[in-house]
Number of protein chains: 2
Amino acid sequence: MLCSGWAFRHVQLSNGGRQILKFLFPGDVVFSETLLSQAEASNPSYSAKALTDIQLCSFSAGALREKCRSYEIAAQALLQMLTEDVRTAYELVTVLGQHAAEGRIAHLLLSLMRRVSQQALAVDRRYPFPLRQQHVADAVGLTPVHVSRVLTSFRDRGLLTLGDGMLVFHDLAQLDRIASLQS
Amino acid sequence: MLCSGWAFRHVQLSNGGRQILKFLFPGDVVFSETLLSQAEASNPSYSAKALTDIQLCSFSAGALREKCRSYEIAAQALLQMLTEDVRTAYELVTVLGQHAAEGRIAHLLLSLMRRVSQQALAVDRRYPFPLRQQHVADAVGLTPVHVSRVLTSFRDRGLLTLGDGMLVFHDLAQLDRIASLQS
DNA sequence: CGGACCTTTGAGCGTTATCAAGTAGTGTGG
DNA sequence: CCACACTACTTGATAACGCTCAAAGGTCCG
């Protein structure tokens with residue numbers, strides 16, 4: 001489990017690319033979807049990487065499974081965690097299936113910052129942002145080149161500023177509109 | 001829970017479109033990800049539709065949650081179901097993020113038929129296929145027009161035949177290659 | 001026969017990928 | 001202190017891809 005810092009879960013693809021599945025913040029379990037499977041018979045090559053310096057708390061998956069047998073609370077917590085994972089995965093599916101590049105990137109930035117700040121986003125407040133444009137590209141299924149173009153366009157339109165590990169929103173209303181596909 | 005027939009789970013979008021999240025076969029729980037939440041506070045408008053005549057077995061979600069407290073087996077089954085949902089959702093994310101149109105459609109057709117046949121696919125065997133091209137489009141994030149073009153191309157290349165509610169694979173090796181992005 | 005729905009096909013265009021070059025910033029070693 | 005490499009980002013030109021709009025054919029059903 002991640003205790004401090006940022007990380008992400010991804011699949012490594014045979015053609016050299018990768019798809020980022022989830023960004024991990026403190027409190028997130030790194031491989032929640034494989035907690036139960038003792039055999040680890042998952043064919044895709046799941047992996048995880050740190051984006052900043054991180055601290056981990058490790059625990060025994062076997063012991064947790066054992067706890068789930070005796071303590072109902074452990075099972076309930078695990079069920080809620082997985083339910084949340086399914087919901088956010090479906091949200092990502094919707095974004096990838098329905099949004100063009102601008103909507104994908106706007107959605108990613110907004111949802112990341114909402115998760116990390118745990119409260120409403122503020123205009124002109126600076127948020128730490130340790131991702132490279134390559135990570136954004138791998139998360140939303142675009143090339144780094146195109147991510148750069150979209151971010152430059154956002155900057156030129158006065159929507160946000162992104163650089164030096166900092167992200168500043170200037171026009172949240174407009175970004176929400178872009179991210180929410182009311183065409 | 002679906003007992004017979006085909007159905008699918010989707011989100012209805014504000015702009016009139018929809019994203020299909022999962023195709024449902026007998027044994028699948030229609031809304032597995034909302035089984036636990038009593039409040040139903042999910043903002044996206046999840047929905048489900050039948051593709052064929054279907055039969056449902058209904059049960060009380062409250063009673064199931066109650067069972068999870070007392071019977072460890074119920075909790076274990078629910079956990080496995082959700083874990084599987086997370087895995088397949090991540091697979092769909094990878095497909096949408098990394099594949100072009102041909103790969104997306106090939107992947108969808110192959111994985112659907114693998115799920116429905118529960119065994120290795122056979123060349124030149126006919127599989128029932130109740131989806132319209134509109135459904136394929138909504139599942140993989142393309143327009144029906146482009147789905148038609150890709151399917152026509154598959155047909156012209158002798159890879160498969162799709163029509164009249166039937167799907168016939170002619171070149172599984174080639175289709176697997178297209179679906180597995182070894183560029 | 002008419003209408004509704006699905007599919008196919010064409011033309012044009014917008015979006016995104018690819019390839020390539022150029023610009024910083026940063027750290028390394030002479 | 002200055003080449004040098006290395007990485008990240010930007011920008012341009014070109015091409016592939018997929019969308020939109022439109023028309024036509026097919027099937028089914030009233």
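First the proteins, then the strands, lettered A, B, ... as listed; each starts at 1.
- Judged as a salt bridge (charged side-chain N to carboxylate O under 4.0 Å, His left out), and not counting sequence neighbours, the contacts of B:Arg157 are B:Glu102.
- With sequence neighbours excluded, no residue satisfies side chain to side chain contact (heavy atoms under 4.5 Å, CB included) with A:Asp164.
- Straight-line distance from the CG atom of B:Leu162 to the P atom of C:dT7: 8 Å, rounded to whole Å.
- Look at CZ on A:Arg104: it is 13 Å from C1' on C:dA17, rounded to the nearest Å.
- At a threshold of 4.5 Å between non-hydrogen side-chain atoms, the residues A:Trp6 and A:Leu24 do not count as touching.
- Not one side-chain nitrogen or oxygen of B:Ser148 sits closer than 4.0 Å to the OP1 or OP2 atom of C:dT9.
- Summarising the geometry, the separation between CG on B:Leu131 and C1' on C:dT7 is reported as 15 Å, rounded to the nearest angstrom.
- Atom CG in B:Leu142 sits roughly 16 Å away from atom C1' in C:dT7 (whole-Å rounding).
- The CG atom of B:Leu151 sits 10 Å away from the C1' atom of C:dT7 (whole-angstrom rounding).
- Taking the side chain to side chain contact (heavy atoms under 4.5 Å, CB included) definition, one finds that B:Arg125 meets it with B:Gln119, B:Ala122, B:Tyr127, sequence neighbours left out.
- Among residues at least two apart or in separate chains, salt bridge (Lys or Arg N to Asp or Glu O under 4.0 Å) pairs with a member in residues 138-149 of chain B are B:Arg18-B:Asp138.
- For residues 54-141 of chain A, the pairs satisfying disulfide bond (SG atoms under 2.5 Å apart) are A:Cys3-A:Cys57, with sequence neighbours left out.
- Following rounding to the nearest Å, B:His135 (NE2) and C:dC5 (C1') show an atom-to-atom distance of 12 Å.
- Rounded to an integer number of Å, the gap from CZ of A:Arg149 to C1' of C:dG22 is 14 Å.
- Proximity of B:Gln134 to the phosphate of C:dC5: no side-chain N or O atom is located under 4.0 Å from OP1 or OP2.
- Among C:dT16, C:dT18, C:dG10, the nucleotide with an atom closest to any side-chain atom of B:Val145 is C:dG10.
- Judged by distance alone, with hydrogens and angles left aside, the side-chain atoms of A:Ser45 form a donor-acceptor pair with the main-chain N or O of A:Gln12 at under 3.5 Å.
- The nearest whole Å value for the distance from the CD atom in A:Glu102 to the P atom in C:dG14 is 15 Å.
- First and last contacts of DNA chain D with chain B, using any nucleotide atom under 4.0 Å from a protein heavy atom and ordered 5' to 3', fall at D:dG18 to D:dT20.
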